[in-house]
Amino acid sequence: MDKSEFFGRLVLMPRDWTNLETSFKKLPTMQIAETRVRCLRCHTWHDKQVVALPRNEFYCSACIQLGRVSTLENFVTLEEPNQFEILDTYLTWQGELTPSQKRCSEEVLRAFNLSQDHLLWAVTGAGKTEMLFPGINDALQTGKRVCLASPRVDVCLELFPRLQAAFQDVDIALLHGHQTDPYHYAQLTIATTHQLLRFYHAFDVLIIDEVDAFPYAQNAQLLYATKQAKKQTGMCLYLTATPGDILLKKVRQKQLGVSYLPQRFHGFPLPEIKTKLVFNWWKKVKNKRLPKALKTFLTNCQQAKRQFLVFVPHINQLAVVLKAINKEFPDLKLTTVFSADEHRLEKVQLMRDGRIAGLITTTILERGVTFPKIDVCVLGADDGTFSSSALVQIAGRVGRNPKRPTGTVLFICNGISRSIKQAQRQIKFVNHKAKEDAYAVSNLS
């Protein structure tokens, strides 16, 4: 048994353990009330009748994918000892930050040192990950345990090689639901937010990327996991381009520090949204006829040999759109992808490797995944599935590479919805703000 596997973790106590060493802490798995029980891993309340087991025992159905928790069992944990070898420096990244990035990076580092919760609010393509490097390096040098968590596994898979390249001498743990490698103790961890449910007062610095993204946003289970995973003396850094009302309220009430950056790292503005009204576009696609605007978009991408993403509102539309495109463009190599797709990770990697021309996707790829030099089209952008923040994030996939800082963002819709208008206004606002003040004031009073 390797004790490090229990450091700052909630581990179900093996049933053959009869005597615990004094260093281990034994914790209950469930709180039992008169008519309800609450899981002490995910904090979910259940009606007793719904989750009853034989012999008046109960289990949690909400986090069962992490292993069944029941009143028959206990958790065991060991206090996080920060048992790390300290190096002179950990950062091997040789890049340079812009003045605006450097200002935000210094503010983040200060928040790490003071253990104060902080919000890094920066437009898509601002270089948020690189802005974290000095702060992470300082935290590691001072023996702190650091976790960078994201709601999306695709984002974790993209962050992992980037942090490996930036911190080449650091052992980094990667944790997500598709993982086959066994868990190991590490000073720097990259994890999906669901994996935080396995931790208990582990991290001195907990960074939540894409904090407004599904399934993290307004998910009580994951918000509780965040609180439980960080140490009582630890801090949280929230990263987003589109903060929600709850975070902004905390900023206004001075409960949360903030660094604001409305400019991309290469200095070019965000590509603005172009809309094309196509009434009954879905009826046409079902008849294997492409709207003229979509046909022109795909033709331009094919001729320029540019990759593209085509977003649709609903999973059942993916195959229909693929067939219609294949009929008009038989030479285009493309496929579909969605959250429950068993081959999702492989398909995204095909796109990264340039082995396919494009992906037809749901909102699963709206954020956190970077493909260089792509264009984007959204079919049915006026559908209620697409919030204004989702549309901003989708538009933000374009123009992220300094070698092609521009690109096409095309919304095909039956009408101009409120969300589309808000997304257009927000992009125009941040572009204006970036022009007006290149150094972006952090004081949002």
Side-chain angles (χ1 to χ4, degrees), residues 123-125 214 241-242 269-304 306-329 332 334 336-338 357-367 371 373-400 404-432:
V123 295
T124 59
F214 177 85
T242 50
L270 275 72
E272 295 196 1
I273 296 165
K274 298 175 183 176
T275 57
K276 190 69 178 178
L277 292 178
V278 180
F279 303 109
N280 296 318
W281 68 268
W282 176 232
K283 186 176 180 181
K284 292 178 183 178
V285 172
K286 282 197 293 184
N287 292 326
K288 295 185 179 178
R289 291 188 292 117
L290 296 183
K292 184 179 177 182
L294 178 57
K295 195 183 295 187
T296 301
F297 171 85
L298 294 171
T299 299
N300 291 338
C301 289
Q302 188 177 38
Q303 290 177 348
R306 287 196 302 269
Q307 289 183 302
F308 59 86
L309 296 174
V310 176
F311 286 84
V312 298
H314 306 289
I315 292 173
N316 61 3
Q317 295 173 325
L318 291 167
V320 180
V321 173
L322 178 61
K323 284 181 183 178
I325 294 177
N326 280 339
K327 182 183 176 184
E328 292 278 354
F329 297 87
L332 268 182
L334 67 161
T336 62
V337 67
F338 58 99
L359 287 171
I360 305 168
T361 180
T362 57
T363 54
I364 192 64
L365 294 185
E366 76 182 35
R367 63 180 75 220
F371 304 111
K373 307 177 186 178
I374 67 162
D375 291 330
V376 160
C377 175
V378 183
L379 289 171
D382 54 326
D383 189 279
T385 302
F386 296 112
S387 64
S388 60
S389 64
L391 293 174
V392 169
Q393 291 285 357
I394 287 170
R397 299 309 94 207
V398 176
R400 299 170 75 90
R404 186 177 179 247
T406 59
T408 299
V409 180
L410 175 65
F411 286 4
I412 293 175
C413 44
N414 290 301
I416 307 299
S417 66
R418 183 183 177 191
S419 292
I420 291 175
K421 289 179 181 176
Q422 287 177 334
Q424 288 176 315
R425 280 200 301 266
Q426 185 172 341
I427 289 173
K428 286 180 179 177
F429 172 78
V430 295
N431 283 342
H432 174 74

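- If you take CH2 on W281 and CG on D382, they are separated by 8.5 Å, rounding to the nearest 0.5 Å.
- Using a 4.5 Å heavy-atom threshold, the side chains of T275 and I273 count as touching.
- Between the NZ atom of K292 and the NZ atom of K284 there is a distance of 11.0 Å, given to the nearest 0.5 Å.
- Contact check for N326 versus L332: no side-chain heavy atoms found under the 4.5 Å cut-off.
- Between L298 atom CG and R306 atom CZ the span is 11.5 Å, to the nearest 0.5 Å.
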- Quick one: do W282 and N414 satisfy side-chain contact (heavy atoms from CB on, under 4.5 Å)? Show the steps, please. CA-CA 9 Å; W282 176 232; N414 290 301; over 6 Å; no

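- Annotation: side chain of F386 is not in contact with side chain of E366 (no heavy-atom distance under 4.5 Å).
- Taking the side chain as every heavy atom from C-beta outward, T124 and R400 approach each other to under 4.5 Å.
- Between L391 and A423 the shortest heavy-atom distance is CB-CB, 3.8 Å.
- Checked by atom type and distance alone, the side chain of D375 never pairs as donor or acceptor with a backbone atom of Q307 at under 3.5 Å.
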- Item | side-chain contact (heavy atoms from CB on, under 4.5 Å) evaluation trace for F329 with T299 | CA-CA 9 Å; F329 297 87; T299 299; 3.5 Å; yes

- Query: Given the rule in the side-chain contact (heavy atoms from CB on, under 4.5 Å) test, do K421 and R418 qualify, once you have shown the distances and angles that lead to the verdict?
  - Reply: CA-CA 5 Å; K421 289 179 181 176; R418 183 183 177 191; 5.7 Å; no

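- Separating the CD atom in Q424 from the CD atom in E272 is a distance of 8.5 Å, to the nearest 0.5 Å.
- For the pair N287 (side chain) and R289 (backbone), a donor-acceptor distance under 3.5 Å is absent.
- Using a 4.5 Å cut-off on side-chain heavy atoms (C-beta onward), V398 and T408 make no contact.
- The two atoms that bring C413 and A381 nearest to each other are CB-N, 4.2 Å, heavy atoms only.
- Residues F411 and I416 have side chains not in contact (no heavy-atom distance under 4.5 Å, counting atoms from C-beta outward).
- Contact of the I412 side chain with the C377 side chain is registered, since non-hydrogen atoms from C-beta on lie closer than 4.5 Å.
- Separating the CD atom in Q422 from the CZ atom in R425 is a distance of 6.0 Å, to the nearest 0.5 Å.
- Between the Q317 side chain and the H314 main chain, a donor and an acceptor come within less than 3.5 Å of each other.
- Heavy-atom minimum distance, L379 versus P313: O-CD, 3.2 Å.
- The two atoms that bring P291 and V278 nearest to each other are CB-CG1, 3.8 Å, heavy atoms only.
- When all heavy atoms of G407 and P271 are compared, the pair lying nearest together is O-CB, 3.8 Å.
- When all heavy atoms of V392 and T242 are compared, the closest pair comes out as CG1-CG2, 3.9 Å.
- For the residue pair S389 and S387, a side-chain donor N or O sits within less than 3.5 Å of a side-chain acceptor on the partner.
- In this structure, OG1 on T336 lies 9.0 Å from CG on L334, to the nearest 0.5 angstrom.
- Residues L318 and V320 are not in side-chain contact: their nearest non-hydrogen atoms beyond the backbone lie 4.5 Å or more apart.
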- Message: Pair I374, F308 - check side-chain contact (heavy atoms from CB on, under 4.5 Å), show working.
- Response: CA-CA 5 Å; I374 67 162; F308 59 86; 5.8 Å; no

